[in-house]
There are 2 protein chains.
Amino acid sequence: MADTKRNDKWVYNFGGGSTEGTTDMKNLLGGKGANLAEMALIGLPVPPGFTITTDVCTYYYENGQTYPASLEKDVANAVAHIEGTIGDGMKFGDASNPLLVSVRSGARVSMPGMMDTVLNLGLNDETVKGLAEKSGDARFAWDSYRRFIQMYGNVVLGIDHHEFEDILEQHKRDEDISLDTEVTAEGWSFVVDEYKRMVQTELGKPFPMDVHEQLWGAIGAVFGSWQTPRAVTYRDIHDIPEEWGTAVNVQAMVFGNMGDDCATGVAFTRDPSNGENMFYGEYLVNAQGEDVVAGIRTPQSLTIKAKEKEGSTLPAMEEVMPDIFKQLDDVRETLETHYRDMQDIEFTVQKGTLYMLQTRTGKRTMAAALKIAVDMVEEGLITKEQALMRIEPKAIDQLLHPTLDPSAHKYVLARGLPASPGAACGVVVFSADEAEKKAGEGHKVILCRKETSPEDIHGMHAAAGILTSRGGMTSHAAVVARGMGRSCVAGAGELHIDYDAGLIRVREAVVKEGDVITIDGSSGEIMMGEVPTIQPELTGDFAAVMEWADDIRRMDVRTNAETPEDAETARKFGATGIGLCRTEHMFFEPSRIQNVREMIFANNAQSRRDVLEKLLPAQREDFVALFKIMQGLPITIRLLDPPLHEFLPQSEADMQSFAETAGLDLEQVRQRFADLHEMNPMLGHRGCRIGITYPEIYEMQVQAVIEAALVVQNESGETVLPEIMVPLVASAEEFVAVKKAIDAKAEEVFAEQGQRVTYQVGTMIELPRAALTADKIAEHAAFFSFGTNDLTQTTMGLSRDDSASFIQAYRMQGIFEHDPFASLDQEGVGQLVEIACEKGRIIRKDMKMGICGEHGGDPESIAFCEKTGLSYVSCSPYRVPIARLAAAQSVLRARDAADIKQTKQRKVA
Amino acid sequence: MADTKRNDKWVYNFGGGSTEGTTDMKNLLGGKGANLAEMALIGLPVPPGFTITTDVCTYYYENGQTYPASLEKDVANAVAHIEGTIGDGMKFGDASNPLLVSVRSGARVSMPGMMDTVLNLGLNDETVKGLAEKSGDARFAWDSYRRFIQMYGNVVLGIDHHEFEDILEQHKRDEDISLDTEVTAEGWSFVVDEYKRMVQTELGKPFPMDVHEQLWGAIGAVFGSWQTPRAVTYRDIHDIPEEWGTAVNVQAMVFGNMGDDCATGVAFTRDPSNGENMFYGEYLVNAQGEDVVAGIRTPQSLTIKAKEKEGSTLPAMEEVMPDIFKQLDDVRETLETHYRDMQDIEFTVQKGTLYMLQTRTGKRTMAAALKIAVDMVEEGLITKEQALMRIEPKAIDQLLHPTLDPSAHKYVLARGLPASPGAACGVVVFSADEAEKKAGEGHKVILCRKETSPEDIHGMHAAAGILTSRGGMTSHAAVVARGMGRSCVAGAGELHIDYDAGLIRVREAVVKEGDVITIDGSSGEIMMGEVPTIQPELTGDFAAVMEWADDIRRMDVRTNAETPEDAETARKFGATGIGLCRTEHMFFEPSRIQNVREMIFANNAQSRRDVLEKLLPAQREDFVALFKIMQGLPITIRLLDPPLHEFLPQSEADMQSFAETAGLDLEQVRQRFADLHEMNPMLGHRGCRIGITYPEIYEMQVQAVIEAALVVQNESGETVLPEIMVPLVASAEEFVAVKKAIDAKAEEVFAEQGQRVTYQVGTMIELPRAALTADKIAEHAAFFSFGTNDLTQTTMGLSRDDSASFIQAYRMQGIFEHDPFASLDQEGVGQLVEIACEKGRIIRKDMKMGICGEHGGDPESIAFCEKTGLSYVSCSPYRVPIARLAAAQSVLRARDAADIKQTKQRKVA
């Protein structure tokens with residue numbers, strides 16, 4: 001509790017040797033305030049100022065928008081601190097030698113919707129004259145004054161921007177000039193009068209001339225902006241607690257626009273786009289900060305090297321102000337050495353003196369993040385562990401998939417869920433067959449479906465991207481697309497897909513078959529036409545970081561794969577085994593589906609066995625191929641899981657064609673289809689329930705696995721490690737029954753072939769009941785694999801296919817913090833995982849346990865798995881690098897937590 | 001462990017003052033052996049004998065079908081005990097004075113498929129002569145011998161019955177006689193020779209003449225019969241453990257067929273059909289036991305009273321053998337006083353001496369069970385508590401529903417699940433509308449559907465019975481039928497219902513619309529034509545027993561009801577509140593469904609509100625009616641639960657008609673239908689998820705509840721206790737959001753009307769996640785109601801609509817002990833209930849918790865609820881009496897368990 005107790009120090013000074021904050025005080029001082037203090041502390045030239053703490057913001061809202069009693073005095077003292085530090089007799093509000101200040105908001109994290117900046121505060125009809133005199137530049141003084149009125153009028157007084165612009169435009173028309181720079185001192189003075197008149201008219205009271213009233217107005221505006229709708233919405237979306245509050249920074253003004261010995265600029269200490277260790281930034285001589293970003297004048301490079309690289313003719317700062325540049329370059333080194341990370345800085349040069357106005361950790365592309373991390377390790381600035389913690393695992397996706405060109409123009413038609421990353425562009429098709437056909441003709445295609453089913457796999461494979469109007473982050477389309485590395489936008493509910501008419505209706509718009517669209521599976525955006533994309537590139541930095549991660553992580557990272565292509569991709573990305581091989585995908589191959597269907601239509605076990613006999617060689621070949629690719633790494637093979645009706649022909653035409661080939665009556669086919677129909681197939685006759693009622697299916701699969709293992713073991717001489725996994729187990733009795741049949745079949749094959757292989761039989765834990773009775777199951781099962789997709793569905797009573805519609809509403813209302821299919825619900829589903837682990841370990845302390853749901857590729861869920869002590873995570877091939885990094889970060893975070901605990905204990909002792 | 005340790009005493013004698021067993025030793029001696037010993041102990045005339053224990057059976061199967069080493073000697077000693085006790089110089093195998101014995105099996109519970117009886121063992125070509133001489137009746141001796149060969153040949157040697165019958169028939173044809181009684185001594189002697197010849201031919205070896213070989217053959221046959229397929233199947237179905245084993249009883253023969261001073265008979269100590277305290281039985285002079293049941297001679301009454309009542313002309317035993325009858329009547333009293341329950345006895349009179357051959361607790365009808373229990377309490381024989389424990393709660397159903405006339409002939413066409421008890425007969429109809437129409441014309445109808453939906457409710461109400469081809473014990477049809485007290489057979493998978501053709505195919509048979517069928521919802525049988533039924537009658541005994549139960553039970557018994565009819569029925573049966581009022585049923589009323597559908601089609605919240613406004617008065621009336629009926633008893637009202645698509649028109653015609661009435665485009669209707677379609681509606685957009693995304697629906701319902709409560713409270717002056725229940729809650733956040741809206745609406749109504757009512761807001765616990773986070777939810781919820789139907793579905797991943805097909809297979813294979821929808825899965829689902837109770841009570845120790853799933857009417861589940869400390873169970877109206885009794889029994893069982901524990905502790909101390 002001591003940590004969170006509010007003290008009654010409301011204001012912290014910085015600059016001039018009496019700095020009271022540090023960079024560690026971001027919670028209290030906000031990001032900007034803490035870093036200003038830190039820069040002052042390490043001796044960088046920071047104009048003096050003070051920070052009103054976030055506690056004041058909290059107090060403000062807890063006490064009917066009033067301030068703590070002492071605040072007025074504290075602020076007055078802090079203003080005096082600025083005056084004292086800056087010296088030269090400058091006083092806030094002094095007519096002859098006025099001190100001007102800036103007022104800025106500063107929350108813990110930067111937040112759009114918050115009041116940004118008021119500059120030049122302290123100017124009024126009197127002080128403007130003092131400024132003119134002191135600077136010797138009346139035009140500068142009046143220009144500063146009108147800028148102040150404009151900013152203050154807008155952000156503090158709430159007057160629309162265009163009211164000011166209209167006046168300025170009118171003046172320029174009257175004077176017949178076109179540029180602001182052509183306005184004279186008298187002109188600005190006239191504009192100031194007009195501004196003040198307009199404010200009086202708009203507000204019914206004059207623009208405040210009292211500088212203290214100005215200051216408190218700006219402070220109040222910052223605190224008030226914490227609760228604007230835009231800020232509130234942003235906090236909701238980004239999970240920023242309301243109680244964090246914002247701080248207010250008040251700082252002495254320095255001017256980059258007092259002449260040619262003045263300048264202002266922004267810079268990154270390294271190149272944020274590729275990470276190169278080179279000073280990267282822009283500056284303008286005789287300008288204020290806003291001019292750099294306004295785009296009226298072309299900003300110039302800092303270094304000669306950059307200037308040359310960009311082919312610019314404008315002189316670099318290194319040439320124009322070599323001494324100041326040298327100072328700035330030193331600052332750059334000081335900051336990097338101090339913060340040990342690439343910094344994003346703002347500076348101003350006033351009459352030959354350099355002032356630092358801001359520093360913060362610089363945003364960067366993923367490629368830059370990797371390069372900077374690797375370089376800084378090599379430079380000895382940071383450790384490998386620190387480097388690893390710097391990289392956002394989810395962002396690695398950027399490296400593996402094409403991204404939209406950020407500079408391209410795009411018309412966003414609608415939005416869905418970002419179900420599988422990467423941007424893709426192609427012609428719209430509505431069926432898997434058409435996708436395959438068009439792709440065969442050399443077109444890139446986007447397969448658009450209401451939802452996909454295993455029957456669509458070949459079309460998904462042929463497509464560049466997949467778009468569905470239904471389903472969530474773990475819908476069939478999403479899962480398969482991620483596995484294949486195809487871009488996918490799922491559950492775009494605004495799209496009404498009409499297969500018959502061959503078109504998609506989106507509100508008023510219509511997209512027809514053959515139209516070109518672009519989808520971005522990283523953002524969920526759907527765009528008309530072709531939007532240019534940027535292809536990714538894997539560098540040596542990526543490999544280096546991955547190796548460091550592998551050295552540190554405790555958990556294995558396996559992959560979910562059933563095709564040789566997927567297995568190979570995953571191996572390339574560093575998977576050390578297959579955690580989930582879904583055998584049903586193999587049943588859907590066009591060459592096999594007829595046999596599978598005939599098996600379903602067989603009247604008795606013997607006829608089923610006869611048809612299964614025909615499927616056996618193909619199934620055996622599947623496993624032979626996988627065993628070869630995985631070269632002795634473990635492979636968890638899940639026996640048939642989906643309900644049989646998933647394999648039946650769905651359309652009338654398919655039924656007819658199947659009936660003809662199989663020599664069945666069409667009516668019979670329809671009847672069987674109707675008989676197998678289920679109200680809730682998710683909770684129906686599937687998983688080991690099929691294995692128990694039709695034991696011959698699992699027998700065939702086990703025979704194929706064991707025979708394949710023997711084939712590969714004999715050929716390669718290497719050990720093959722099949723782990724046979726029983727799906728949808730609800731009770732120990734069920735598992736025992738299936739395991740008995742598996743062992744019997746395996747022994748039969750061993751006896752027939754006169755050789756053995758080592759194999760294990762384990763179970764999915766994907767039903768709450770299995771988790772609750774895990775001790776009983778562990779007495780018989782060699783391993784547990786948490787199928788957290790289904791476990792989420794059953795624990796929460798939430799269908800992944802049907803919940804997209806309301807999960808969005810739940811997230812907006814703050815009922816769900818995350819989509820539970822994207823990031824594991826640790827409180828509920830996670831509790832069951834923990835219960836199962838605990839109970840399983842009672843029976844066998846070192847029992848092998850892993851996770852094979854979609855959560856295996858989600859960093860937060862991976863951290864949970866680390867905490868729970870799982871042996872491995874398994875995820876789709878393209879998520880393997882994410883998982884490797886996230887697994888390493890989880891270990892490092894756990895170490896940190898342990899260190900902190902130890903330190904605390906040491907203190908107590 | 002001491003209790004189960006096997007001692008090495010393998011044989012227990014009885015009779016003649018050296019009885020070694022008691023009635024408490026049923027586990028070791030079997031039911032028959034233990035009761036023979038007990039009768040001997042209390043001085044009743046039991047022919048001497050001995051019991052070979054069930055431990056021998058276990059030993060036999062554990063040791064490759066061999067016997068304990070000492071058994072041969074033990075049996076020899078026991079035979080000597082019989083010889084010594086019976087005296088008169090009789091010896092087993094003695095040619096001149098032979099002792100004959102019977103050999104019978106005797107497991108703990110009587111079990112079909114087990115070897116029944118071998119009589120007259122000890123006869124051979126020599127001893128038959130001694131028997132003839134001693135009895136002075138050669139015909140009797142040779143008849144006994146041929147009976148023995150026939151029985152032994154069949155049950156021990158495995159020779160088919162007809163082989164013996166053929167020989168006897170041939171002999172009678174040769175002699176030109178038709179009755180067995182006409183066969184002479186010489187004739188039987190000839191038949192014996194023929195029997196022996198046939199045995200020699202069939203088996204290749206002679207019929208055993210050695211009496212010891214005969215005895216060991218019979219003992220082996222009893223043990224062998226423990227593992228016949230029929231016995232094994234019976235044990236599987238009735239959950240009888242294999243390790244129980246059977247005992248063997250060997251007993252001196254007594255003969256009821258040695259002349260007119262001999263007789264044999266069976267009796268119940270009270271009338272088993274109505275429970276009257278009157279000696280009830282049959283006897284035959286000069287007959288062996290099998291003759292009484294063979295039906296060749298008409299059995300005679302025991303008492304004059306019974307004879308007169310039946311209008312028989314045959315003399316009663318009371319007249320023919322008054323002395324013996326007096327002895328038997330004394331035995332009757334002795335047995336009832338001793339066993340304190342109605343007994344089923346067998347006796348034989350040999351030459352004027354009475355022998356008791358068997359006693360056991362007599363089977364009885366439910367009406368008899370009640371009367372006997374009440375009478376015995378009045379007679380001071382048993383306590384009320386003992387009386388309550390005697391009545392099987394499930395059997396109470398017999399009293400509340402018509403049953404099939406057991407004497408009627410029936411042709412069983414197929415079998416389904418016994419989903420709602422009672423027999424019903426009527427014409428087959430295939431739609432709810434047709435059911436209503438035909439019923440309106442005065443026909444009794446059986447509504448036959450693949451499955452039912454809320455749209456069928458009016459038809460189900462009109463029907464006498466409901467028959468479905470799909471769905472389990474908690475399918476819609478089953479639940480609603482039980483609620484209405486309609487007979488229902490559900491999930492009869494053999495039935496192929498063809499709506500279009502208007503017929504049902506069952507294998508080769510066809511049942512057409514309009515055909516008469518009978519269904520028995522207590523057994524699951526479906527019969528062609530009309531089978532006569534017996535109407536039930538509620539007696540004062542029923543009321544008395546229910547009152548005793550109410551005095552003893554701790555838990556309240558509420559009902560699941562939403563219609564006034566159901567609520568009234570439940571009150572009549574003693575419900576003390578409504579535990580579940582499903583408001584959606586009210587939405588399906590024909591007068592409202594159009595509005596409900598228009599509400600679903602509304603584009604925005606305001607249009608929805610406008611339509612809901614029209615539904616409000618009707619909904620308010622619903623609650624007014626219920627509040628009035630329940631007269632201040634608590635009513636738990638569940639807000640709308642099912643997904644909206646359940647309310648949409650399903651057929652093309654319905655869609656068209658709806659579109660026309662609502663002024664919508666048919667295409668729009670189809671589109672909306674398709675949009676709302678869900679893959680797994682059970683896990684879809686339902687429950688409080690609807691309340692959160694369409695808050696106006698719950699607002700209307702809350703307004704209706706609160707306004708209704710105010711109306712009734714004002715009218716009656718009594719307190720109304722509405723408990724508003726939020727369905728399908730998965731997290732505390734969800735509950736809080738809905739509760740906030742409920743409270744706001746309630747306050748709005750209070751403000752409007754200027755008065756208040758007390759109401760509570762609680763939640764269903766029907767998802768695993770809710771149970772796991774029950775502590776968080778309990779911080780806001782006033783009560784928990786366990787919806788164990790859905791909790792079972794989600795915990796086990798088992799759809800109640802789709803699982804009937806494989807649950808049967810699971811039960812046969814012993815994977816499921818019970819249908820988890822009929823009896824709560826205590827290990828898995830029960831664990832979640834316990835977790836939720838525990839977590840809830842951490843927050844509020846005395847939190848109100850109940851169960852409202854179908855399990856609320858299942859005795860075993862009720863016992864679980866008692867153990868878990870729930871406040872109440874709620875069940876369908878017709879199950880209320882069952883629940884009252886079961887709740888009382890649970891208390892008594894818990895007391896017994898506590899007593900036993902205390903006694904044990906005392907012993908230890």
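All of these numbers come straight from a predicted model, not from anything done at the bench. Heavy-atom basis, side chains included; hydrogens, waters and symmetry copies ignored. Below, chain A is the first sequence line, B the second, and so on; all start at residue 1.
Atom-to-atom distance recorded for A:Leu798:CG and B:Leu728:CG is 9.0 Å, nearest 0.5 angstrom. The structure places NE2 of A:His677 at 8.0 Å from CG of B:Asp802, a figure rounded to the nearest 0.5 Å. In this structure, CG on B:Leu832 lies 10.0 Å from CZ on A:Arg769, to the nearest 0.5 angstrom.
Heavy-atom distances place both the backbone and the side chain of B:Glu678 under 4.5 Å from chain A. When heavy atoms are compared at a cutoff of 4.5 Å, B:Arg470 approaches chain A solely by way of its side chain, counted from C-beta outward. Residue contact with chain A, scored on non-hydrogen atoms closer than 4.5 Å, involves the side chain of B:Lys776 exclusively. Looking at B:Ile690, there are no atoms closer than 4.5 Å to chain A (heavy atoms on both sides), in backbone or side chain. For a residue to count as touching a neighbouring chain, one of its non-hydrogen atoms must lie under 4.5 Å from one of that chain's; by this rule B:Ser731 touches chain A with the side chain only.
Checked by atom type and distance alone, the side chain of B:Gln831 pairs as donor or acceptor with a backbone atom of A:Leu772 at under 3.5 Å. The main-chain N or O of B:Met682 is found under 3.5 Å from a side-chain atom of A:Asn680 such that the two form a donor-acceptor pair.
Ranked by heavy-atom pairs shorter than 4.5 Å toward chain B, the options A:Val829, A:Leu767, A:Thr773 are led by A:Leu767. Among B:Ala737, B:Gly797, B:Gly687, B:Gly828, the residue making the largest number of heavy-atom pairs under 4.5 Å with chain A is B:Gly797. The candidate with the highest count of non-hydrogen atom pairs below 4.5 Å against chain A, out of B:Arg686, B:Glu766, B:Arg689, is B:Arg689. Per-residue counts of heavy-atom pairs under 4.5 Å with chain A were compared for B:Thr693, B:Val736, B:Thr795; the largest is that of B:Thr795. Top candidate by heavy-atom pairs under 4.5 Å with chain B, chosen from A:Gln793, A:Met796, A:Glu451, A:Lys450, is A:Met796. When each of A:Asp498, A:Asp825, A:Asp790 is scored by its heavy-atom pairs under 4.5 Å with chain B, the top score falls to A:Asp825. Note: B:Ile692 leads B:Ile692, B:Ile835, B:Asp801 in heavy-atom pairs under 4.5 Å with chain A. Of the listed residues A:Ser803, A:Pro681, A:Ala732, the one with more heavy-atom pairs under 4.5 angstrom with chain B than any other is A:Pro681.
The side-chain heavy atoms of B:Tyr810 and A:Glu733, taken from C-beta on, include no pair separated by under 4.5 Å. Using a 4.5 Å heavy-atom cutoff, the side chains of B:Arg800 and A:Met679 are not in contact.
Take A:Ala605 and apply the side-chain contact (heavy atoms from CB on, under 4.5 Å) test, not counting sequence neighbours, and it matches A:Arg608, A:Arg609, A:Glu696.
Taking non-hydrogen atoms and a 4.5 Å limit, the residue list of residues 668-676 of chain B in contact with chain A, ordered by number, reads B:Gln671, B:Ala674, B:Asp675.
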